[in-house]
Amino acid sequence: MDTNKIINEEKINYILQRGKGVGQKTISHIIEKSKASKGLTIEEAAALLQIEEDTLLEELFKAAKEVKNKVYGKRIVVFAPLYTSNECTNNCTYCGFKVTNKGLLRRTLTTEEIVKEAVALVNEGHKRILLVCGEDPKKTNITHITESLKAIYNNTDIRRINVNAAPMSIEDFSLLKEAGIGTYQIFQETYHRETYKKVHPTGAKKDYDYRLLAINRSFAAGIDDLGIGALLGLYDYRFDVLATLTHAQYMEEEFNVGPHTISVPRLRPAYNAVMENNPYTITDKEFKKIVAVYRLTLPYTGIILSTRETAELRDQLFDLGVSQVSAGSKTNPGGYHNNSREAEQFQTSDERSLKEVIGVLCEQGHLPSFCTACYRANRTGEAFMELAKASEIHEFCQSNAILTFKEHLLDYGYGLNEKEDMLIENALKEIKNEKIRKMTIEKLKEIEKGKRDLFF
Ligand code: SAM
Ligand code: SF4
């Protein structure tokens, strides 16, 4: 397949160029329009990406917050990554795991060690994880990944496993589906072909088209919860954000379902990865703009924020449109049960524990959610999007957030304090459907009596 049909650089550059000429009045009009939560066109997103002026940026942030609250309420889903291996045959210039990093201590965890890692995360309070590994056909092949999934599901209280791993064949994606994957996540890193070539000099990953078409192959294998993103800081962020949105639009047109999530990984220092004088470094202000533009353009797509960002910036972004955040993360295999930081992929920035992050979320009035219901109730892909757009999912999500948060409070030693109780009380009031509200209250009583894993 000619991938220019998906990512046409000339067209993206043309739209960006036209976006530059859009006046302030039109930009304000676009921001106003976005508040209806119906999404924006690629052209409108291009205009918003050009905003530099502080007052317009404030308008943009306000709109993003409004749309986030309308679509997701106060909920923020919490998860942690689990790195099973840092062995990799690729040579991504920016990554600590690259094959040329001979000095890095290489490790692929055994199934028992992977279960230990998952247990350590469950002991912290996690229920959803993102399994991550390098690409090594011998060490991190499909058997390694599916065996990991099965072992974690069978031996721990982890209820949803998303995967971020190298692109694979339709056959292997089918095995991943069979093993119970939640979302398959893959970042194109940069959609700009020339830069892609430069930063992926050797290894299987140098094939831009094979990576781009991974989404098509996973869809063909029946995985319809898909996550995309660009590694921000490799190339001009305006181009990469617009290309990510173009990719999302292609998915919507081709499969009738857009990406379940968009991630916003920003380049971090990594072992032997040169970062000096990077002309594409992104400021915090630009980063906030990117999150806001994604939120307004695709109101129903989850936005995932990792601990690559500082605690201070994350606390601002919780309010700006992100809907999923990782917390208490380690990016080295074995990091949780060995409590080490040796051989990590990149340096994390927000080093706070899950408990500390939960504390901040509650302080800011957010409702932490450990919900894993949708994929277990087969609400994925098109079925999920239909419900989401009709806003019906809102009621389920709200109830599930309340139930999983209550469980978390009871099981992880928070005690029952007034602030969290108030948060739950207020969250209950936000459920408009009386029947669902009553059922949620009943389920809460059951949880207090010791029942677990109740969901809608
Ligand atoms: N190895 C697989 C791959 O590359 O697709 C999957 C896992 S890789 C460990 C996950 C993601 O980490 C990559 O897609 C990349 O975007 C991100 N990453 C790599 N180096 C990074 C760095 N220095 N800073 C921030 N993110 C980085
Ligand atoms: Fe390997 Fe992925 Fe790191 Fe590239 S980004 S070196 S493929 S782990």
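Whatever order the structure lists ligands and atoms in, that order sets their numbers, starting from 1.
- Protein heavy atom closest to atom 3 (Fe) of ligand 2, with residue, atom name and distance, is Cys95 SG, 2.3 Å.
- At least one donor-acceptor pair closer than 3.5 Å links the side chain of Arg75 to the backbone N or O of Tyr72.
- Listed by atom number, the atoms of ligand 1 under 4.0 Å from Lys205 heavy atoms are 3 (C), 4 (O).
- Nearest to atom 6 (C) of ligand 1 among the protein's heavy atoms is Asn164 OD1, 3.1 Å.
- The residue from Asn141, Thr140, Asn90 that alone fulfils the side chain to side chain donor-acceptor pair (under 3.5 Å) condition with Glu135 is Asn90.
- Each of Lys127, Arg160, Arg376 was scored for a salt bridge (Lys or Arg N to Asp or Glu O under 4.0 Å) with Asp453, with one residue passing: Arg376.
- Put simply, the residue from Lys285, Lys20, Arg238 that forms a salt bridge (Lys or Arg N to Asp or Glu O under 4.0 Å) with Glu52 is Arg238.
- Side chain of Thr404 to backbone of Ala401: a donor-acceptor contact under 3.5 angstrom is found.
- At under 3.5 Å, not a single nitrogen or oxygen of Cys95, backbone or side chain, sits near a nitrogen or oxygen of ligand 1.
- Panel note: side chain Asn162, backbone Leu130; no donor-acceptor pair is recorded below 3.5 Å.
- Looking at Val132 against ligand 1, only its side chain comes within 4.0 Å, counting heavy atoms.
- At a 4.0 Å heavy-atom cut-off, ligand 1 does not touch Ala273 at all.
- Residue-level proximity to ligand 1 for Arg308 is carried by the side chain, the only part with a heavy atom below 4.0 angstrom.
- Summary of contacts: the protein heavy atom closest to atom 5 (S) of ligand 2 is Lys205 NZ, 3.4 Å.
- With hydrogens left out, the protein atom closest to atom 8 (S) of ligand 1 is Gln345 NE2, 3.6 Å, a heavy atom.
- Side chain of Lys205 to main chain of Asn91: no donor-acceptor pair is present (N/O by atom type, distance under 3.5 Å, no hydrogens or angles).
- Both tests hold for Arg217 against Tyr210: distance to the six-membered ring centre under 6.0 Å, angle to the ring axis within 45°.
- Classification of the Tyr235-His192 ring pair by plane angle, with boundaries at 30° and 60°, yields parallel.
- The single protein non-hydrogen atom nearest to atom 7 (S) of ligand 2 is Asn90 ND2, 3.3 Å, given as residue, atom name and distance.
- The aromatic rings of Phe173 and Tyr184 sit perpendicular to each other, their planes meeting at more than 60°, with 30° as the lower class boundary.
- Scanning the protein for heavy atoms near atom 1 (N) of ligand 1, the closest one is Cys133 O, 3.1 Å.
- Nearest non-hydrogen protein atom to atom 5 (O) of ligand 1 is Arg211 NH2, 2.7 Å.
- Using a 30° and 60° split on the angle between ring planes, Tyr196 and His200 fall in the tilted class, from 30° to 60°.
- Neither the backbone nor the side chain of Gln188 comes within 4.0 Å of ligand 1, counting heavy atoms alone.
- Remark: ligand 1 atoms within the under-4.0 Å shell around heavy atoms of Gly134 are 1 (N).
- Of the protein's non-hydrogen atoms, the one nearest atom 16 (O) of ligand 1 is Glu189 OE1, 2.6 Å.
- Each of the following atoms of ligand 2 lies closer than 4.0 Å to a heavy atom of Gly134: 8 (S).
- The aromatic rings of Phe370 and His408 sit parallel to each other, their planes meeting at less than 30°, with 60° as the upper class boundary.
- Counting only heavy atoms of the protein, atom 24 (N) of ligand 1 lies nearest to Arg268 N, 2.9 Å.
- Taking atom 21 (C) of ligand 1 as the reference point, the nearest protein heavy-atom neighbour is Phe346 CD2, 3.8 Å.
- Residue-level proximity to ligand 1 for Tyr94 is carried by backbone and side chain together, each with a heavy atom below 4.0 angstrom.
- In terms of N/O distances under 3.5 Å, ligand 1 is not approached by Tyr83.
- Taking backbone and side chain together, Cys92 holds no N, O or S atom under 2.8 Å from atom 3 (Fe) of ligand 2.
- For an aromatic pair to be called close, the ring centres must be under 6.0 Å apart, and Tyr191 with His247 satisfies this.
- Metal site remark for atom 4 (Fe) of ligand 2: His200 contributes no N, O or S atom at a distance under 2.8 Å.
- For Lys33 and Glu44, the salt-bridge test passes: some basic side-chain N is under 4.0 Å from an acidic carboxylate O.
- Looking at Glu43, its side chain never comes within 3.5 Å of a backbone N or O of Ile15 through a donor-acceptor pair.
- The protein heavy atom nearest to atom 1 (Fe) of ligand 2 is Cys88 SG, 2.2 Å.
- Against a heavy-atom cut-off of under 4.0 Å, Leu231 is close to the following atoms of ligand 1: 16 (O), 25 (C), 26 (N), 27 (C).
- Within the listing of ligand 2, atoms 6 (S) sit less than 4.0 angstrom from a heavy atom of Lys98.
- Listed by atom number, the atoms of ligand 1 under 4.0 Å from Ala270 heavy atoms are 23 (N).
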